[in-house]
Every structure is written in C-alpha cells, then in structure tokens.
Trainee: 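Starting off with a structure, shown below.
By convention in this document, chain letters (A, B, ...) are assigned in the order of the sequence lines, proteins followed by strands, and residues within each chain are numbered from 1.
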Number of protein chains: 2
Amino acid sequence: MHTLSKNQQIIFDIIDKSREPMKAYSILFNVQKKGIKAPLQVYRALDKLVEIGKIHKIESRNAFIACQNSSCQVSKATAFSICESCEKVTEINNSSLSKYLSNFKDKAGMKYSKYNLEFFGLCKKCITK
Amino acid sequence: MHTLSKNQQIIFDIIDKSREPMKAYSILFNVQKKGIKAPLQVYRALDKLVEIGKIHKIESRNAFIACQNSSCQVSKATAFSICESCEKVTEINNSSLSKYLSNFKDKAGMKYSKYNLEFFGLCKKCITK
DNA sequence: TTACATAGTGTTATATTATAACATTTAAAT
DNA sequence: ATTTAAATGTTATAATATAACACTATGTAA
Ligand SMILES: [Zn+2]
Ligand SMILES: [Zn+2]
Ligand SMILES: [Zn+2]
Ligand SMILES: [Zn+2]
C-alpha cells in the first residue's frame with residue numbers, strides 16, 4: 001500500500017473533502033496556508049495521485065476529483081457523468097460497462113490498456129428546471 | 001448543410017490535411033501566412049467546427065482532428081484510440097460500441113445526450129518495437 | 001554505519017492553452 | 001432597406017502546465 005507524502009496528503013485531503021471537481025489553481029489557493037506556495041508543488045502531487053489512482057482528472061474540465069471506487073488503482077479504466085448545467089460530476093461504477101469497454105477490441109487490432117469515458121447530459125435536479 | 005466561413009475553411013483545411021491531431025497554436029503558426037494572426041481567430045473557428053461536428057477535440061491532448069465519420073454532426077458521440085507511444089489517434093467507428101454507449105443509462109437516472117471516450121494503448125507499429 | 005539510489009521538496013522563471021472586451025464587417029432574413 | 005445574427009480583427013490578459021536546478025528526506029544494501 002502506498003503511503004502519501006506530506007504534500008500529496010494535503011492535496012488529496014482537500015480534493016477528497018470537496019463535493020465538486022477542483023481545479024489546480026483553486027487547490028493551490030486553498031493550500032497556501034499550509035505552506036504550499038507554487039503551482040509545481042500542486043501539479044507534482046496531482047500527477048502522483050492520478051498515477052496511483054487516488055484521484056482522477058476530468059479531462060474536459062481540467063479538474064480533479066477523488067476516486068469514488070476501489071478498483072481504479074489497478075484498472076486505469078474510468079467513466080464519469082457530467083451535468084452540463086450544474087457541472088456535477090459522478091464517477092460511474094458499473095460492471096457491465098467496464099466489462100464491455102475492457103474487452104472492446106478495435107478492428108485496427110489495437111489492444112487497450114486504459115480508457116476514459118465522459119458522459120454529458122443533465123442531472124436529475126437540472127432536468128426538471 | 002453548413003457552409004464554412006473564410007477562417008473556418010482555412011482552419012478546417014489545415015486540420016483535415018494533417019495526419020496528426022493539431023494543437024491550437026500550431027494551427028495558428030501554420031495559418032499566419034493566410035492572414036490569421038491572433039489566437040482568438042483560431043479558437044473561434046475551432047469552437048464552431050467542433051460544434052458542427054467537422055472536427056473533434058482530443059481532450060487528453062488538447063488537440064484537434066478532422067472527423068473521420070459521417071454521423072458525428074448529429075450524434076455528439078465520439079470515441080478515439082490513442083497510441084501512448086507515437087501519439088497516433090484514430091476515430092473509432094463501431095456501431096456496437098456506439099449503440100451500447102448511446103443506450104447506456106446510469107443508475108443515477110441521468111439521461112446522456114453526448115459522450116466522449118478515449119482508449120489508450122499501443123498501436124500495431126509500436127507494440128512490436 | 002555508510003554509501004547509494006529513489007522519491008519528494010522548494011523556488012524562480014517560463015511555456016502553453018484559452019478567454020474577455022470592444023469595435024467593425026459581412027451575410028442572412030424580413 | 002432595415003434589422004438581426006454571425007463572423008472578423010485587435011489588444012490585452014487569464015488560466016493551465018512545465019523546465020531547470022538546488023536541496024532534502026527516505027529506503028535499501030553492502
Ligand atoms: Zn476511480
Ligand atoms: Zn445538474
Ligand atoms: Zn467524428
Ligand atoms: Zn504507436
């Protein structure tokens with residue numbers, strides 16, 4: 001098991017506490033009182049946390065959320081639902097979906113080791129507005 | 001059918017001719033001889049071209065490729081394979097996959113109008129190296 | 001323990017990606 | 001011809017991310 005370094009722990013904690021995806025410079029702003037002063041300190045921790053699967057990057061939003069599953073540390077297979085109105089992001093944990101995608105083979109013969117899927121739409125709250 | 005404006009056409013042409021995904025500032029550099037001088041002129045054309053489905057953004061790479069299918073203008077459903085070694089990107093056109101994903105329903109009850117999927121791995125060329 | 005290797009930190013500067021704001025022009029619709 | 005919407009040109013600036021270098025902590029193995 002991985003034990004996080006000081007900066008990694010600080011930055012993981014703030015992302016984990018947040019209900020929304022956090023952007024790097026918003027994280028930076030929030031951890032400056034803890035002595036983390038420079039973007040690079042944030043990005044280095046983010047890189048590591050992504051690498052070990054504790055957080056994920058929402059590519060379409062340049063933002064980071066804590067992993068809400070248990071298996072992402074090994075699988076590198078991620079799926080999210082994103083509300084285009086309120087920007088709520090949820091990690092999808094669906095074994096049918098992950099099986100389907102993990103077994104998917106391109107006709108080009110490429111074998112995939114990793115995927116990222118982002119669904120967009122309106123969440124329950126926003127659809128009724 | 002959409003008829004492209006002058007800048008949109010110039011920028012679409014250069015992306016369409018390219019064998020690789022192109023980045024915005026690389027596009028800018030390449031079209032400066034045609035009178036397009038500022039980033040905003042490029043980004044505005046890119047936005048429109050993405051909106052009408054002539055090009056797609058590869059989110060994990062901040063780069064743009066011409067659509068290689070015919071249906072993306074309506075579907076807003078995109079899937080790509082990305083080689084992590086040579087960075088070759090191919091648009092996946094697979095009806096089983098698109099059916100599966102278009103019909104996918106989250107247990108959260110969210111109805112999706114759009115998705116983007118990026119697979120990562122090694123292409124045929126790179127896997128033998 | 002000491003040497004070595006690996007990972008993490010701190011700092012400054014800079015590169016890359018993207019948008020705000022405003023004035024003007026072109027094209028399309030009534 | 002008048003109005004509206006879309007596109008353009010321009011300057012400035014915001015937001016996101018990395019390069020380079022010096023240093024420190026931690027783990028491993030002789
Ligand atoms: Zn996860
Ligand atoms: Zn919502
Ligand atoms: Zn397409
Ligand atoms: Zn390759």
Trainee: What's the closest nucleotide to the side chain of A:R44 if the choices are D:dA20, D:dT10, D:dA17?
Mentor: D:dA20
Trainee: Could you tell me the separation between the CG atom of A:D47 and the C1' atom of C:dT9, rounded to a whole number of Å?
Mentor: 14 Å
Trainee: Between D:dT16 and A:K23, is there an OP1 or OP2 to side-chain N/O distance shorter than 4.0 Å?
Mentor: yes
Trainee: OP1 or OP2 of C:dA18 versus the side-chain N and O atoms of B:N62: is any pair under 4.0 Å?
Mentor: yes
Trainee: Taking NZ, NE, NH1 and NH2 as the nitrogens, is one of them in A:E118 or A:R61 under 4.0 Å from a carboxylate oxygen of the other?
Mentor: no
Trainee: Hey, which sits more toward the 5' end of DNA chain D by its nearest nucleotide, B:P39 or B:K6?
Mentor: B:K6
Trainee: Roughly, in whole Å, what's the span from CD in B:Q9 to C1' in C:dT26?
Mentor: 17 Å
Trainee: Can you see if the side chain of A:N7 gets near the phosphate of C:dG10 - specifically, an N or O under 4.0 Å from OP1 or OP2?
Mentor: yes
Trainee: Map B:L40 and A:Y43 onto DNA chain D by nearest heavy atom, then report which one ends up closer to the 5' terminus.
Mentor: B:L40
Trainee: Could you please spell out the steps behind the side chain to side chain donor-acceptor pair (under 3.5 Å) verdict for A:N93 and A:E91?
Mentor: CA-CA 6 Å; A:N93 186 359; A:E91 185 168 2; over 6 Å; no
Trainee: Below 4.0 angstrom from OP1 or OP2 of D:dT8, is there any side-chain N or O of B:Q41?
Mentor: no
Trainee: Nearest whole angstrom, please: distance from the C1' of D:dA6 to the NZ of B:K48.
Mentor: 7 Å
Trainee: At less than 4.0 Å, is any side-chain N or O atom of A:S5 found next to OP1 or OP2 of D:dA25? Yes or no.
Mentor: no
Trainee: Are B:V31 and B:L40 connected in the hydrophobic side-chain network, where two residues link if heavy atoms are under 4.5 Å apart?
Mentor: no
Trainee: Round to the nearest Å and state the distance from B:L28 atom CG to C:dT19 atom C1'.
Mentor: 15 Å
Trainee: With a cut-off of less than 4.0 Å, is there a side-chain N or O of B:K57 near OP1 or OP2 of C:dA18?
Mentor: yes
Trainee: For the residue pair B:F119 and A:Y115, does the interplanar ring angle fall in the parallel (under 30°), tilted (30 to 60°) or perpendicular (over 60°) class?
Mentor: perpendicular
Trainee: Rounded to whole Å, please give me the gap between CD in A:E59 and P in C:dA18.
Mentor: 12 Å
Trainee: Provide the closest heavy-atom pair for A:T90 versus A:Q68 in the form atom of the first, atom of the second, distance.
Mentor: CG2-OE1, 4.2 Å
Trainee: D:dA15 C1' sits how many Å from A:M22 CE, rounded?
Mentor: 15 Å
Trainee: Nearest to the side chain of A:A24 - D:dA17, D:dG9, C:dT12?
Mentor: D:dA17
Trainee: From CD of A:Q8 over to P of C:dG10, roughly how many Å is that when rounded to an integer?
Mentor: 12 Å
Trainee: How long is the line joining CD1 of B:I27 and C1' of C:dT16, in whole Å?
Mentor: 14 Å
Trainee: Distance criterion of 3.5 Å, no angle test: do you see the side chain of A:Y25 paired donor-to-acceptor with the base of D:dA17?
Mentor: yes
